[in-house]
Asks: 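Structure provided below as structure tokens; questions to follow.
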Amino acid sequence: MSQFLLQTIWMVPIYPLIGMILTIPWSPGIIRRTGPRPSGYVNLITTFLAFLHGLFALTAIWNQTPYQLFIPWLQVANLDLTLPLEISTVTVGATVVITGLNFLAQIFAVGYLEMDWGWARFFALVAFFEAGMCGLVLCNSLFFSYAILELLTLGTYLLVGYWFNQSLVITGARDAFLTKRVGDLFLLMGVLAIYPIAGTWNFTDLAEWASTAEIEPKLAALLGLALIAGPLGKCAQFPLHLWLDEAMEGPLPATILRNAVVVATGAWVLVKIQPVLALSPVSELAMFIIGGATAIGASLISIAQIDIKRALSYLVSAYMGIVFIAVAAGQPQIALLLTFTYALSMALLVMGVGGVVWNNTTQDLTQYGGLWSRRPVSGFAFIIGAVGLIALPPLGGFWSMQQLVEQLWVSYPLMAGLVLAVNAIVAFSLTRTFGLVFAGKVKPMTYRSPEIHWPMALPMVILSGLNLHVPLLLWQWHQLPSLETGNLAVALSLIVSSLAGFALSSVVYLNNSWEKPVQLSWQPLQDFFAYDLYTAKLYKLTIVFVVDLISRVMYAIDRYLVDGLVNLTGLATVFSGQTLKYNVSGKGQFYLLSILLGVSLLIILVSWPFLSQLLIVSK
């Protein structure tokens, strides 16, 4: 049975697509009597079937050699568009993570969107995302991966714009779509450029080609930078990071999926093309700079946010920046491990925050306080998610971060120090959020705040247990460093950085005598971080200004030059026609004279070079 499910693993993305199609009858105007709720239950069933299929297939592929399945599609001349699927422990395991988290997010949505009438549209879009991500992790082709990423970009636009009657939602959806399209455009250039060079889009073949390839440094650098641009946008890295912040306007259950695994699709493609990126030191340096700047900048920005969802969204960019650093250091396996431990912890954090937002009707951190006695389930979930995210033993984030810092400690000590600093800042930010929400005094917005009901509590409890068991999973997968090989100095450094961030933040945000909200003595510095390093204003002064100027120039050229020339020709034709109308006498000799004059002028014009030569000779 397990072998059959493994051979049909390509069906995993089809389950959610079936659920999405079956959701159509509950769209507005088709089925009304039952309400929209059956559409959610249908998608829950199909997602659960996909999860079971992947789970049983994972037991069959465990410790087995990876292999590929090929689905023929199109072969024209030298272009082969056969769809290759990689069947391995990693890819099948990734489908289990995606379908499992999506199943829990859908259960959470049953409670969170209880009174919403857009169930059919929401669950259909979530199923679309699930199908796309499962197809992406199984796909072993750069070309088809790009196509799937484009579909996910469209899905982001539709899901962020779920509540389309709100102006901020429409703006967020539009900006998210356009920002990601910038990276996609450069990625398309890289996808098209690499095929004539390597002769393949297959990831496995690209890795073999890159191991022996010798190409010009400039070409390798340009190719690498183009391929990096796509994951840069998907992972919300500087300077294409603002879309994730604005995407928080969408439904929170969708945020669970987006912050946990959707952003990781860019990291997945980055890991796959790492052998190609390693051909150019310029590409590796670019990933170090992008990842390092985003990790430090985004983690600092999160501290200055008063919106509870945005305080977490910037931590997403920060951790994806650490993944960029891992790939740049030539550690794709550690990057995947980081992505796994991060996804489980971030999903739990968003669920904990979502339960608070749901019945407090505010996202302003300054209006929270004193919820620990009223919301113990949400509080414990937040603590487990926070400890699992930062490098604090014994949960998963510590072990994945330790492996990364151990590798960086030898070859890139500066990057190792940067990761330690980011870990401390993230610990500070999470403790700040916890202190503002759960500690302190009860405020008017939190006076009446009962615990969430079971559809939202159940996935939080399950995910909390899964986070607590991550160390056992890592031990089973032989990913825990032994005492002989473990670097004690690295482990202690990570623990100290986590405790330092926690202790410093506790002094401020777990101390009732400290006045809140905290204001820095120098207001411009606080505004600098609160307004996202003024990135939006920088966009307006540079990119938006240039695009607007070019648009105005092109409009003027089109309006006054192109259209003006056409209109002038038309007016000249009309005017000449009207003029000739009055020169018509109706007599045959007049027409004959006109023809003779025209022919004479034509002969003179054609013969003018010969006549000019005669004039010169005669002189």
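Because only heavy atoms are used, hydrogens play no part in the values below, and waters and symmetry mates are left out as well, while side chains stay in. The first residue in the sequence is number 1, and the count goes up from there.
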Asks: For the OG1 atom of Thr153 and the CG atom of Leu158, what is their distance to the nearest 0.5 Å?
Replies: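 One finds 11.0 Å between OG1 of Thr153 and CG of Leu158.
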Asks: Strictly under 6.0 Å, is that where the ring centroids of Phe51 and Phe103 end up?
Replies: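 Centroid separation for Phe51 and Phe103: 6.0 Å or greater.
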Asks: Using every non-hydrogen atom in the two residues, find where Leu277 and Ser283 come nearest and quote the distance to one decimal.
Replies: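 Of all heavy-atom pairs spanning Leu277 and Ser283, the closest is O-CB, 3.7 Å.
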Asks: How about Phe48 and Thr99: do any of their side-chain heavy atoms sit closer than 4.5 Å?
Replies: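 No, every pair of side-chain atoms sits at 4.5 Å or beyond.
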Asks: Distance from Leu430 atom CG to Leu349 atom CG, nearest 0.5 Å?
Replies: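 Atom-to-atom, Leu430:CG and Leu349:CG are 6.0 Å apart.
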Asks: For Phe177, I'd like to know if atom CZ has over 12 heavy atoms of other residues, nucleotides or ligands within 6.0 Å.
Replies: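 Counting other residues, nucleotides and ligands, CZ of Phe177 exceeds 12 neighbours.
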Asks: Can you list everything that forms a salt bridge (Lys or Arg N to Asp or Glu O under 4.0 Å) with Arg432? Sequence neighbours excluded, please.
Replies: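 If we apply the salt bridge (Lys or Arg N to Asp or Glu O under 4.0 Å) test to Arg432, skipping adjacent residues, there are no hits.
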Asks: Can you find a pair of side-chain heavy atoms, one from Leu101 and one from Leu463, that are under 4.5 Å apart?
Replies: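 The answer is yes; the side chains approach within 4.5 Å.
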Asks: Who passes side chain to side chain donor-acceptor pair (under 3.5 Å) against Asp558, sequence neighbours left out?
Replies: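 Residues passing side chain to side chain donor-acceptor pair (under 3.5 Å) with Asp558: none at all.
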Asks: Taking the side chain from Ser400 and the backbone from Thr341, do they hold a donor-acceptor pair closer than 3.5 Å?
Replies: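 No: the side chain of Ser400 does not pair with the backbone of Thr341.
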Asks: So how far is it from Leu223 CG to Met189 CE, rounded to the nearest 0.5 Å?
Replies: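 Reported to 0.5 Å precision, the distance equals 12.5 Å.
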Asks: With salt bridge (charged side-chain N to carboxylate O under 4.0 Å, His left out) as the rule and sequence neighbours excluded, what pairs involving residues 167-187 come up?
Replies: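 Only Glu150-Arg181, Arg181-Asp184, Asp184-Lys234 qualify under salt bridge (charged side-chain N to carboxylate O under 4.0 Å, His left out).
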Asks: Under 4.5 Å between any side-chain heavy atoms of Leu149 and Leu187, yes or no?
Replies: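 When only atoms from C-beta onward are counted, Leu187 and Leu149 do touch, with a gap below 4.5 Å.
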Asks: Is any side-chain heavy atom of Val263 less than 4.5 Å from a side-chain heavy atom of Tyr319?
Replies: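 Side chain of Val263 against side chain of Tyr319, heavy atoms only: no contact under 4.5 Å found.
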Asks: Say you draw a straight line from OH of Tyr157 to CG of Leu178; how long is it, rounded to the nearest 0.5 Å?
Replies: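 Going from the OH atom of Tyr157 to the CG atom of Leu178 covers 9.0 Å.
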Asks: Please assess Leu104 against Ile256 for the test side chain to side chain contact (heavy atoms under 4.5 Å, CB included), listing each intermediate value before the final yes or no.
Replies: CA-CA 9 Å; Leu104 295 178; Ile256 298 172; over 6 Å; no
Asks: Please check this pair: side chain of Trp372 against backbone of Val437, looking for a donor-acceptor N/O pair closer than 3.5 Å.
Replies: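 Checked: no pair found.
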Asks: Taking the side chain as every heavy atom from C-beta outward, state whether Gln237 and Phe324 have any atom pair closer than 4.5 Å.
Replies: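 Yes, their side chains come closer than 4.5 Å.
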Asks: Strictly distance-based, threshold 3.5 Å: is any side-chain N or O of Asn360 a donor or acceptor partner for the main-chain N or O of Met445?
Replies: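 Present.
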Asks: Is any side-chain heavy atom of Leu466 closer than 4.5 Å to a side-chain heavy atom of Leu348?
Replies: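 No, side chains not in contact.
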Asks: Quick one: does any side-chain atom of Asn43 pair with a main-chain N or O of Ser39 as donor and acceptor, under 3.5 Å?
Replies: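 The answer is yes, because a donor-acceptor pair under 3.5 Å joins these two groups.
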Asks: Indicate the ring-plane relationship of His453 and Trp358, choosing parallel, tilted or perpendicular according to the 30° and 60° boundaries.
Replies: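 Judged by the thresholds at 30° and 60°, the geometry between His453 and Trp358 is parallel.
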Asks: How far apart are the C-alpha atoms of Leu336 and Trp268, what are their side-chain angles, what is the distance that settles it, and do they pass the side chain to side chain contact (heavy atoms under 4.5 Å, CB included) test?
Replies: CA-CA 8 Å; Leu336 289 176; Trp268 179 272; 3.8 Å; yes
Asks: Where is the tightest heavy-atom contact between Trp201 and Val191, given as atom of each residue plus distance?
Replies: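 Where Trp201 meets Val191 most closely, the heavy atoms are NE1-O, 2.8 Å.
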Asks: Indicate yes or no for a side-chain donor-acceptor contact from Ser505 to the backbone of Phe428 under 3.5 Å, with no hydrogens or angles considered.
Replies: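 Indeed, once roles are kept as given, a pair shorter than 3.5 Å links the two residues.
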Asks: What is the distance from atom NZ of Lys272 to atom SG of Cys139, rounded to the nearest 0.5 Å?
Replies: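 The SG atom of Cys139 is 9.0 Å from NZ of Lys272, to the nearest 0.5 Å.
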Asks: Check whether Tyr162 reaches the backbone of Val169 with its side chain - one donor and one acceptor, N or O, closer than 3.5 Å.
Replies: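 No: the side chain of Tyr162 does not pair with the backbone of Val169.
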Asks: Which class fits the ring pair Phe108 and Tyr112: parallel under 30°, tilted 30 to 60°, perpendicular over 60°?
Replies: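 The arrangement is parallel - the two ring planes meet at less than 30°.
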Asks: To the nearest 0.5 angstrom, please state how far the CG atom of Leu227 sits from the CD1 atom of Ile194.
Replies: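 Nearest 0.5 Å value for the CG-CD1 distance: 5.5 Å.
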Asks: Do any N or O atoms from the side chain of Gln106 and from the backbone of Phe123 form a donor-acceptor pair under 3.5 angstrom?
Replies: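 Not confirmed, Gln106 side chain does not pair with Phe123 backbone.
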Asks: Using the ring pair (Phe, Tyr, Trp, His ring centres under 6.0 Å) criterion, which residues pair with Tyr314? Sequence neighbours excluded.
Replies: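 Tyr314 satisfies ring pair (Phe, Tyr, Trp, His ring centres under 6.0 Å) with no other residue.
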Asks: Do Ile290 and Phe238 have side chains that approach each other closer than 4.5 Å (heavy atoms only, starting at C-beta)?
Replies: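 Not touching, per the 4.5 Å side-chain cut-off.
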Asks: What closest approach, in Å, do Phe122 and Pro251 show between heavy atoms, and which atom pair accounts for it?
Replies: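 Here Phe122 and Pro251 meet closest at CE1-CB, 4.0 Å.
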Asks: For Ile452 and Arg375, work out which heavy atoms get closest and say how close.
Replies: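 Heavy atoms only, the tightest pair is CG2-NH2, 3.2 Å.
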Asks: So which heavy atom on Thr431 is nearest to which on Tyr509, and how close?
Replies: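 Closest approach of Thr431 to Tyr509, heavy atoms only: O-CB, 4.5 Å.
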Asks: Could you list the donor-acceptor pairs under 3.5 angstrom formed by side chains in residues 125-134, with sequence neighbours left out?
Replies:
unit_1, atom_1, unit_2, atom_2, d
Glu130, OE1, Thr47, OG1, 2.9
Glu130, OE1, Asn102, ND2, 2.5

Asks: Which atom names give the shortest non-hydrogen contact between Ala286 and Leu225, and what distance separates them?
Replies: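 In terms of heavy atoms, the two residues are closest at CB-CD2, 3.7 Å.
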Asks: Give the intermediate values and the outcome of side chain to side chain contact (heavy atoms under 4.5 Å, CB included) for residues His241 and Met320.
Replies: CA-CA 11 Å; His241 65 288; Met320 289 298 102; over 6 Å; no
Asks: Is the shortest side-chain heavy-atom distance between Val160 and Glu246 below 4.5 Å?
Replies: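 When only atoms from C-beta onward are counted, Glu246 and Val160 do not touch, as no gap falls below 4.5 Å.
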Asks: Quick one: does Asn423's side chain have a donor or acceptor within less than 3.5 Å of a partner on Val419's backbone?
Replies: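 No: the side chain of Asn423 does not pair with the backbone of Val419.
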Asks: For a side chain to side chain contact (heavy atoms under 4.5 Å, CB included) check, start with the C-alpha distance between Leu436 and Thr366, then their side-chain angles and the critical distance, and finish with the verdict.
Replies: CA-CA 7 Å; Leu436 291 175; Thr366 62; over 6 Å; no
Asks: Look at the side chain of Ser302 and the backbone N and O of Ser299, then say whether any donor-acceptor pair between them is shorter than 3.5 Å.
Replies: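 Present.
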Asks: Which of these passes salt bridge (charged side-chain N to carboxylate O under 4.0 Å, His left out) with Glu249: Arg310, Arg258, Lys309?
Replies: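 Exactly one pass, corresponding to Arg310.
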Asks: Distance only, no hydrogens: is a donor on one side chain within 3.5 Å (strictly under) of an acceptor on the other, for Thr362 and Asp364?
Replies: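 No, because no side-chain N or O of Thr362 sits under 3.5 Å from a partner of the opposite role on Asp364.
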Asks: Output all residues satisfying side chain to side chain donor-acceptor pair (under 3.5 Å) with Gln363, sequence neighbours left out; order by chain, then residue number.
Replies: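 With neighbours one apart ignored, the set is Asp307.
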Asks: Is the side chain of Thr294 donor-acceptor paired with the backbone N or O of Gly291 at a distance under 3.5 Å, no angle test?
Replies: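 Absent.
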